[in-house]
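Structure, as C-alpha cells:
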Amino acid sequence: MTRSPDTTGNAVARLADRLSELAGAAVVLERPSDPSHGDYATNVALRTAPQHKQPPRELAADLAARAAELEEIERAEVAGPGFLNLWVTTEWLVRALAEIGADYGAGAPEQAQKIQVELISANPAGPLTVGSARNGAYGDSVARVLAYAGHEVEREYYFNDAGRQVDLFRASVEARRRGDELPEGGYQGEYIDELARVEGDPVARMLEEIRREIAEFRIPVDTWRHQGEIEKHVAEVLPKLDTFEAEGTIWARTSAYEDDKDRPLVRSSDGSYLYFAADVAYVRDKLERGFDRAIYVLGADHHGYVGRLKAAAAMLGYDPERIEVLIYQLVHIVEGGETKKISKRRGDVVFLHELIAKIGIDAARWYLVSRGHDQPIDIDVDLAADRTQKNPVYYVQYAHARIAGILRNVEGDSAGETPTDLASEERDLIKRLLEFPLVVAESAERRAPHAIPIYAIRLADDFHRFYHEHRVVGSETEAFRLTLARATQSIIARALDLIGVEAPERM
RNA sequence: GCGCCUGUAGCUCAGUGGACAGAGCGGCGGCCUUCUAAGCCGCGGGUCGGAGGUUCGAAUCCUCCCAGGCGCACCA
C-alpha cells in the first residue's frame with residue numbers, strides 16, 4: 001500500500017511514475033497474461049472513474065492519447081471496460097536491461113529497520129526435525145529477503161535448555177545407560193540409544209549437533225541465547241508486570257492486554273519460574289537490545305503464543321507492534337500413502353538430516369519454502385526421494401548452469417550491434433527480469449518468500465525458451481544477448497540465494 | 001464449544017478486487033550434425049468446498065454452512 005520501491009534503478013517503476021503524473025493518480029503497471037493486451041496494462045481509469053464522474057473508457061482514451069506521446073511508449077490502446085494497454089519501445093527495453101546490475105532489486109527503504117528474526121529455537125532434546133527445517137527454511141528466507149530489501153537483520157536461536165523437557169530428555173538417556181525403564185513420557189529412538197552409549201551430558205552434545213545442522217542447512221545464526229541465561233533476569237522484570245497471586249501461583253494479568261487468559265509466572269511454593277516468566281524476560285531482552293522489530297517464527301501449534309507475547313510487550317510498556325509473530329503451518333510426513341503422526345518423544349519422527357540425506361539441501365530448502373507459509377506441507381518421503389530429477393529446483397539451476405556454459409564460450413571482446421528489433425522471446429525475458437524488484441519488495445513486505453521460487457521458475461522458463469530459439473555467441477547482436485544472458489544469470493543466482501539454494505556453474 | 005489456518009485441474013500448489021483462472025508433476029504426441037535434451041513445442045483436462053451478500057467487476061472482501069489441520073497446560 002505505502003510501498004515505494006526504489007524508483008531510481010527500476011525502469012518499470014519510473015514508467016509507472018510518469019504515467020501517474022499524466023493520470024493524476026497512482027498507476028500500477030501489470031503484465032497482462034494475454035500478450036495481445038500489451039507489454040503492460042493499467043486499470044487506473046476503472047479505479048478513478050467514480051471520483052471523476054466520467055465513464056472509464058473515456059478516461060482511459062484520454063490517458064492513452066497522452067501516454068502515446070511518451071518516448072517510452074510505442075502504442076497505447078483502450079480495451080475492455082476501460083483498461084489501458086501499453087506497448088513499450090525496443091529502445092526502452094534495451095536501456096532498462098542495461099540498468100540491471102549486481103544488486104538489482106535491492107531496496108533502500110525510506111526507513112530501514114533493525115530487525116531480529118528468531119528462528120527454530122527447538123528444544124535441545126533431539127536432532128532437528130522436518131518441522132524445525134521448515135521453520136529454518138522459512139525464517140531464514142524471510143531474513144534474507146528483508147536484508148536484501150534494505151533492513152538490518154540479525155538471526156537468533158533460543159535454546160530452551162532449562163525446562164522440563166530437557167530434564168526429561170536427560171533422564172531418558174540416563175535411564176537407557178542404566179538399563180532402567182524409561183521415565184513416564186520419556187524420549188526414545190535410535191539417537192537416544194547412541195547418546196546413551198557415549199559419556200557426557202546429552203544436552204551439551206545436542207546443542208553442538210543442532211549448531212552443526214543449522215550451519216549445514218545454510219542458516220547463518222548471529223546470536224544464540226539460552227533459557228538459563230534469560231531466567232537470571234526474571235527477577236528484574238517481575239516488578240514491572242501487572243501481577244496477582246492465586247492458587248499458590250503468581251500470575252501475569254495478560255488478559256487485560258488482549259491475551260485470551262492470564263498466564264502463570266511463578267510457583268509460590270518453591271519460587272520456581274514457569275515458562276512464561278522466561279518469555280517475558282526474553283521479550284524485554286530483545287526489545288532492549290534496540291531492535292525496532294522482533295520477529296518470532298513459530299509453527300501453527302504455537303499460534304496461541306501471539307497474544308501472550310504481544311501482551312508481555314505491552315505490559316512492559318513497549319509498543320506491541322514491535323513484536324511480530326509469523327506462523328507457518330505444520331509439515332506432515334506421508335509414507336506408504338499414510339500420514340504419520342510425528343512425535344519426537346516416541347521417536348517416530350523424520351529428522352532434518354534424514355531429509356537432507358534423501359533429497360539434498362537444495363531440494364529440501366526449495367521444497368520447504370516454495371509453498372505459502374499458511375499452507376500445510378505434506379512431504380511424501382517416497383516421492384521426494386525419487387523425484388529429484390524432476391524437482392523444479394533443478395530446472396532453475398539448469399538455466400543458471402546453461403548460461404555459465406554460454407559464458408565459457410565467449411572469446412575476447414563481444415561485438416555486435418544494438419538491436420533495433422527484438423524477438424518475442426527477448427522481449428519476454430527482459431520484461432521478466434524487470435519484474436524482479438517488485439517481487440522482492442512484495443515478498444519482503446508480506447513475509448512471503450515463496451514468491452521467489454515461483455518467480456525463479458518463470459524466469460528460467462523464459463530463458464529456456466529464449467535459449468532454444470536464439471544463439472548468443474556469434475550472433476549479430478552478441479553483445480546485447482550476452483548482457484541479457486548475464487543479467488538473467490545474475491538474477492537467477494540472486495533469487496536462489498534469497499532462499500538459500502546454490503547456483504551451480506555446471507550440472 | 002471458542003480461536004487461528006486451509007479447501008483452486010487426477011496429484012502438489014501459484015494466484016490477498018479486474019479482461020476468457022495459471023504452473024509443475026502425471027497422461028498422449030512431436031523436436032538433438034549448431035553455446036548442456038536436467039531442455040523446447042503441441043494436445044487433453046477446473047460448478048475456484050457450498051449458499052447468500054457487497055461491487056461496474058469476486059478464487060480474492062463480508063455472513064452463514066460443510067470438510068480437514070492446529071490450538072484453547074502451573075509442557076515447550
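The figures that follow rest on heavy atoms only: side chains count, while hydrogens, waters and symmetry mates do not. Chain naming here is simple, since letters A, B, ... match the order of the sequence lines and numbering starts at 1 in each.
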Below 4.0 Å: OP1/OP2 of [N] and any side-chain N or O of [X]:
{"X": "A:Y187", "N": "B:A76", "result": "no"}
{"X": "A:H303", "N": "B:G69", "result": "no"}
{"X": "A:R402", "N": "B:A37", "result": "yes"}
{"X": "A:Q375", "N": "B:A14", "result": "yes"}

Measure the distance from [atom1] on [X] to [atom2] on [N] and round it to the nearest whole Å.
{"X": "A:L29", "N": "B:A19", "atom1": "CG", "atom2": "P", "answer": "16 Å"}
{"X": "A:Y395", "N": "B:C13", "atom1": "OH", "atom2": "C1'", "answer": "17 Å"}
{"X": "A:L168", "N": "B:A73", "atom1": "CG", "atom2": "P", "answer": "20 Å"}
{"X": "A:R263", "N": "B:C75", "atom1": "CZ", "atom2": "C1'", "answer": "13 Å"}
{"X": "A:Q54", "N": "B:C56", "atom1": "CD", "atom2": "C1'", "answer": "16 Å"}
{"X": "A:L298", "N": "B:G69", "atom1": "CG", "atom2": "P", "answer": "22 Å"}
{"X": "A:E184", "N": "B:C75", "atom1": "CD", "atom2": "C1'", "answer": "14 Å"}
{"X": "A:M507", "N": "B:G39", "atom1": "CE", "atom2": "P", "answer": "9 Å"}

Along RNA chain B (nearest heavy atom to each residue), the more 5'-positioned of A:H373 and A:E30: A:H373
Which residue lies more 5' along RNA chain B, comparing A:D301 with A:F83 via nearest heavy atoms: A:F83
Over all strands shown, is [X] touching base, sugar-phosphate only, or nothing at heavy-atom distances under 4.0 angstrom?
{"X": "A:A300", "answer": "sugar-phosphate"}
{"X": "A:Y305", "answer": "base"}
{"X": "A:D374", "answer": "sugar-phosphate"}
{"X": "A:E411", "answer": "nothing"}
{"X": "A:R164", "answer": "sugar-phosphate"}
{"X": "A:L330", "answer": "sugar-phosphate"}
{"X": "A:G372", "answer": "sugar-phosphate"}
{"X": "A:A399", "answer": "nothing"}
{"X": "A:A79", "answer": "base"}

Out of [options], which nucleotide sits closest to the side chain of [X]?
{"X": "A:R308", "options": "B:A76, B:C75, B:A14", "answer": "B:A76"}
{"X": "A:L274", "options": "B:U12, B:A23, B:C74", "answer": "B:C74"}
{"X": "A:S33", "options": "B:G22, B:C74, B:A76", "answer": "B:G22"}
{"X": "A:Q329", "options": "B:A14, B:C5, B:A19", "answer": "B:C5"}
{"X": "A:V472", "options": "B:C74, B:G18, B:C35", "answer": "B:C35"}
{"X": "A:Y275", "options": "B:A76, B:U12, B:U16", "answer": "B:A76"}

From A:V472, A:I403, A:L422, A:L433, residue fulfilling side-chain contact (heavy atoms from CB on, under 4.5 Å) relative to A:L484: A:L433
Closest non-hydrogen atom pair, [X] against [Y]:
{"X": "A:L368", "Y": "A:I377", "value": "O-CD1, 3.8 Å"}
{"X": "A:W251", "Y": "A:L265", "value": "C-CD1, 4.0 Å"}
{"X": "A:I120", "Y": "A:N135", "value": "N-OD1, 2.7 Å"}
{"X": "A:A460", "Y": "A:Y395", "value": "CB-CE2, 3.8 Å"}

Does any N or O in the side chain of [X] come within less than 3.5 Å of the main-chain N or O of [Y], such that one atom is a donor and the other an acceptor?
{"X": "A:S141", "Y": "A:A137", "value": "yes"}
{"X": "A:R134", "Y": "A:Q329", "value": "yes"}
{"X": "A:Q489", "Y": "A:A485", "value": "no"}
{"X": "A:H233", "Y": "A:I230", "value": "no"}

Watson-Crick or G-U pairs under 3.5 Å in RNA chain B, rendered as dot-bracket with [ ] for crossing pairs and | for another strand: ((((((((.[[[[.)..(...]]]].(((((.......))))).....[[[[[..)....]]]]])))))))....
Sticking with atom [atom1], work out how far [N] lies from [M], rounded to a whole angstrom.
{"N": "B:A23", "M": "B:G15", "atom1": "C1'", "value": "10 Å"}
{"N": "B:U55", "M": "B:C13", "atom1": "P", "value": "36 Å"}
{"N": "B:A21", "M": "B:C28", "atom1": "C1'", "value": "24 Å"}
{"N": "B:C61", "M": "B:C4", "atom1": "P", "value": "14 Å"}
{"N": "B:C64", "M": "B:G71", "atom1": "C1'", "value": "23 Å"}
{"N": "B:C74", "M": "B:C11", "atom1": "P", "value": "42 Å"}
{"N": "B:U6", "M": "B:A14", "atom1": "P", "value": "10 Å"}
{"N": "B:G53", "M": "B:G45", "atom1": "P", "value": "32 Å"}

Nucleic acid contacts of residues 480-489 of chain A, taken as heavy-atom distances under 4.0 Å to RNA chain B: none
Strand-adjacent residues in residues 458-471 of chain A, judged by heavy atoms under 4.0 Å from RNA chain B: A:D461, A:H464, A:R465, A:Y467, A:H468, A:H470, A:R471
Look at the side chain of [X] against the base of [N] and say whether a donor-acceptor pair falls under 3.5 Å; ignore hydrogens and angles.
{"X": "A:N85", "N": "B:A19", "value": "yes"}
{"X": "A:D34", "N": "B:C20", "value": "yes"}
{"X": "A:H302", "N": "B:G71", "value": "no"}

Stepwise salt bridge (Lys or Arg N to Asp or Glu O under 4.0 Å) check, A:R308 with A:D279: CA-CA 9 Å; A:R308 77 190 72 166; A:D279 277 343; 5.5 Å; no
A:E469 atom CD, neighbour heavy-atom count above 12 within 6.0 Å: yes
Ion pair present between [X] and [Y], side-chain N to carboxylate O less than 4.0 angstrom?
{"X": "A:R447", "Y": "A:E324", "answer": "yes"}
{"X": "A:R465", "Y": "A:D461", "answer": "yes"}
{"X": "A:E118", "Y": "A:K286", "answer": "yes"}

Check: A:K431 and A:Y40 side chains under 4.5 Å, non-hydrogen atoms: yes
Contact check, side chains of A:P124 and A:V166, non-hydrogen atoms, under 4.5 Å: yes
N-glycosidic conformation, B:C32 - syn within 90 degrees of 0, else anti: syn
